[in-house]
Amino acid sequence: SAIDDTVGIRVPDHKDLVELIRKLGQGLVASSANFAGEKAPGQFEEIDSQWLLQVDRVMSGEAGNQQSSTVVKVNGDSIEVLRAGKIIVG
């Protein structure tokens, strides 16, 4: 992020997306399908039309687990949970 020169990495739990990444042989620069602080959409029809105007592509299909991603900050041996989600960090 611009605040502290860090990079976020998300590992998807979506078989079609994992397959696309495998076939490309590299990661993707991608966002969640919602603005920060908004509820994540479960269906394509629930995606904010203003958000759709700001992206190049949207991968259709089932959203999968509706629970938010766990976000952690790793700095050396230190792990800080920034957002609790599906993965329990303990």
* To do: Any chance you could measure L28, atom CG, to I21, atom CD1, to the nearest 0.5 Å?
  =>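 With rounding to 0.5 Å, CG (L28) is 4.5 Å from CD1 (I21).
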Linking I/L/V/M/F/W/Y whenever their side-chain heavy atoms sit closer than 4.5 Å, directly or via other members, would [X] and [Y] fall into one cluster?
X: L20; Y: V58; value: no
X: F44; Y: F35; value: yes
X: V74; Y: V81; value: yes
X: I79; Y: V71; value: no

* Asked: How far apart are the closest heavy atoms of N34 and P41, and which atoms are they?
  ->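 Scanning both residues completely, I find the closest heavy atoms to be CB-CD, 3.9 Å.
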* Asked: Are there more than 12 heavy atoms of other residues, nucleotides or ligands under 6.0 Å from atom CZ of R83?
  ->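 Yes, because the 6.0 Å sphere around CZ of R83 holds more than 12 heavy atoms from other groups.
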